[in-house]
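Worksheet: the structure to be examined is printed underneath.
Below, read A as the first sequence line, B as the second, and so on, with proteins coming before strands; counting in each chain starts at 1.
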Amino acid sequence: MKYSIPRGTFDILPNTSYKWTYLMDSFRSFASSFGYREISTPIFEVSGLFERSSGESSDVVQKEMYRFTDRKNREFALRPEGTAPVVRSYVENHLDVLASRTKLFYLGPMFRYDRPQAGRYRQFYQYGIEFIGSDNPYYDAEVIAVLMLWLGSLGLKNLRLELNSVGCPNCSAEYDKALQDYFKPLLPQLCPDCNKRFSLKPRRLLDCKVPSCKALRGGAPLQKDYLDQPCKEHFDQVCGQLTAMQIPFTLNPSIVRGLDYYTNTAFEVIYDGLGAQNSLAGGGRYNGLIEQIGGKSMPAIGFAGGFERLLLALEAEGIELTAEPKPLMYLICLGEQARTGVANYLNALRSKGIYVDYDPDKNSLKAQFKAADASGASYAIIVGESEIAAGTLNLKNLASGEQISLPLDDGTALLGLLGID
RNA sequence: GUGGGUGUAGUUCAAUGGCAGAGCACCGGAUUGUGGUUCCGGGCGUUGUGGGUUCGACUCCCAUCACCCACCCCA
């Protein structure tokens with residue numbers, strides 16, 4: 001019986017896994033220097049956590065969650081996003097008592113039952129940070145800065161940061177009403193999806209892609225005209241902070257985050273040229289979420305980004321962050337006696353962190369040299385019967401062809417020569 | 001969930017209803033003690049799967065599965 005991988009998932013094979021490792025390490029160290037510390041939560045949680053936080057009506061909850069019950073009929077879901085679990089952990093472990101400001105980052109797989117597409121998978125990997133504990137607009141800018149500066153540090157150029165404020169529960173309700181007033185007479189001309197959006201999430205009317213719908217929203221009321229005074233001030237200050245940090249952004253009034261918990265600042269990083277799924281990362285403020293999940297009221301802001309799309313973007317710009325690891329040396333043996341005599345030496349080098357390639361099934365000198373070249377090794381170590389007898393080895397520089405003789409010791413002679421200790 | 005496209009060797013692709021092939025990769029060899037180039041040799045693969053039409057199907061039809069792309073949604 002042959003098995004195949006579940007739809008919408010992928011294996012990270014050795015020929016690309018090193019890129020993933022590099023990116024993850026890079027994110028870890030970048031976030032760390034801004035004071036964020038790693039948190040890891042389970043891959044599944046009680047379903048109610050996501051229903052309450054993301055919103056019962058959100059697509060993620062309605063049709064994209066992988067749900068299951070365990071033997072005692074408890075209802076769980078594979079996590080579709082990272083913020084709710086982090087906040088759950090924050091509340092459950094009383095991190096708010098330990099410090100008034102909490103800076104967290106996370107990495108890991110998320111799960112959504114979507115139709116797979118370019119840049120969209122059913123199991124996908126996200127990186128993200130969450131800042132909890134202050135409504136200071138500086139932190140909005142800091143969170144965005146971590147994201148933009150990190151992406152910039154990888155060498156990406158064609159990025160666009162789009163910014164909006166979705167207001168607080170008070171003023172956003174008023175805005176929704178204004179939108180409905182505007183669109184109500186236009187309903188017969190709008191697409192069926194927009195007709196659903198009208199009552200469910202009026203804001204979604206603003207980012208429909210149907211041309212006829214696009215044409216009708218020219219005179220729609222703008223969010224910024226409906227922000228109340230505190231929300232407006234907050235947003236202005238966020239913009240000011242970003243400008244001071246020299247992080248370019250564009251205002252986009254139609255940015256609507258898909259999950260219900262967002263308040264005030266909402267942003268998205270767009271990378272054109274990835275196909276339809278052009279959102280590299282997104283996030284925003286969620287001042288009401290912590291209380292909603294059972295903690296005490298705490299302002300917070302965060303973002304999440306997708307590794308798959310990031311890798312696509314890097315590839316699109318031809319950016320090679322790191323090369324596939326290659327062996328430093330290739331061990332060539334002639335004869336059984338040499339193989340036996342060199343086994344311990346091979347282990348000694350490898351134990352000291354030297355990547356040495358070796359294949360005991362290849363016999364001819366020619367085949368072993370071919371393998372050494374193919375492996376990309378810089379040096380060949382050549383040992384035959386006469387070397388064993390003399391207690392020496394030959395070290396050959398594969399690029400220059402230069403060859404010298406060294407003692408077959410515990411590796412110190414070789415490592416010393418190469419300046420590795 | 002809806003629509004369009006595509007499934008042939010490890011891979012990239014040929015084969016117009018009439019014998020399933022090539023490049024690359026891989027393995028072996030050209031006096032098992034000095035490589036990369038070159039040369040020679042090495043492929044019966046359920047043509048994604050299951051049905052159907054036909055004397056005959058990789059080719060046409062139906063179904064199904066998978067992948068790609070788009071809608072939707074979002075990372």
Have a look at [X] and say if it touches a base, only the backbone sugar-phosphate, or nothing, with a 4.0 Å heavy-atom cut-off.
X      : result
A:L310 : nothing
A:E64  : sugar-phosphate
A:G401 : base
A:A372 : nothing
A:G282 : sugar-phosphate
A:L280 : sugar-phosphate
A:Y121 : base
A:G119 : base
A:E81  : nothing

Any idea which of [options] is nearest the [X] side chain?
X      : options             : answer
A:R112 : B:A75, B:G1, B:C68  : B:A75
A:S386 : B:U37, B:A75, B:G33 : B:G33
A:K362 : B:U34, B:C73, B:G28 : B:G28
A:E387 : B:G33, B:A75, B:C73 : B:G33

What is the minimum heavy-atom distance between A:L206 and A:S254, and which atoms define it?
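Here A:L206 and A:S254 meet closest at O-CB, 3.7 Å.
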Across all strands shown, which nucleotide pairs with [N] by Watson-Crick or G-U wobble geometry, both distances under 3.5 Å?
N     : answer
B:C44 : none
B:G35 : none
B:C60 : B:G52
B:A70 : B:U2
B:G21 : B:C13

Output the rounded distance in Å from NZ (A:K370) to P (B:G36).
7 Å
A:F369 has an atom CZ; how far is it from atom C1' of B:U32, in whole Å?
13 Å
[N] and [M]: how far apart are their [atom1] atoms, nearest whole angstrom?
N     : M     : atom1 : value
B:G41 : B:G4  : C1'   : 46 Å
B:C62 : B:U54 : C1'   : 16 Å
B:U59 : B:U46 : P     : 16 Å
B:C44 : B:C19 : C1'   : 13 Å
B:G7  : B:G29 : C1'   : 37 Å
B:U6  : B:A75 : C1'   : 27 Å
B:C55 : B:C71 : P     : 47 Å
B:C61 : B:C40 : C1'   : 47 Å

Would you kindly check if the NZ (Lys) or CZ (Arg) of A:R122 is within the cone defined by 45 degrees around the ring axis of A:Y113 and under 6.0 Å from the six-membered ring centre?
yes
5'-most contact on RNA chain B: A:E268 or A:G8, nearest heavy atom basis?
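The residue mapped nearer the 5' terminus is A:G8.
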Have A:Q292 and A:R52 got a donor and an acceptor in their side chains that come within less than 3.5 Å?
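Side-chain D/A pair, A:Q292 to A:R52: absent.
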Is a donor-acceptor pair below 3.5 Å formed from side chain A:Q403 to base B:U34, judging by atom type as modelled?
yes
Under a 4.0 Å N-O cut-off, is there an ion pair linking [X] with [Y]?
X      : Y      : answer
A:K157 : A:E317 : no
A:E81  : A:R79  : no
A:R285 : A:D140 : yes

Centroid distance under 5.5 Å and plane angle under 30°, A:F124 vs B:A75:
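Yes, aromatic ring over the base.
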Do side-chain atoms of A:N195 reach the backbone of A:L190 as a donor and acceptor pair under 3.5 angstrom?
yes
I want to check one thing: is the phosphate of B:C71, taken as OP1 and OP2, less than 4.0 Å away from some side-chain N or O of A:Q117?
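Result: yes.
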Under 4.0 Å from OP1 or OP2 of B:C67: is there any side-chain N or O of A:R7 that close?
yes
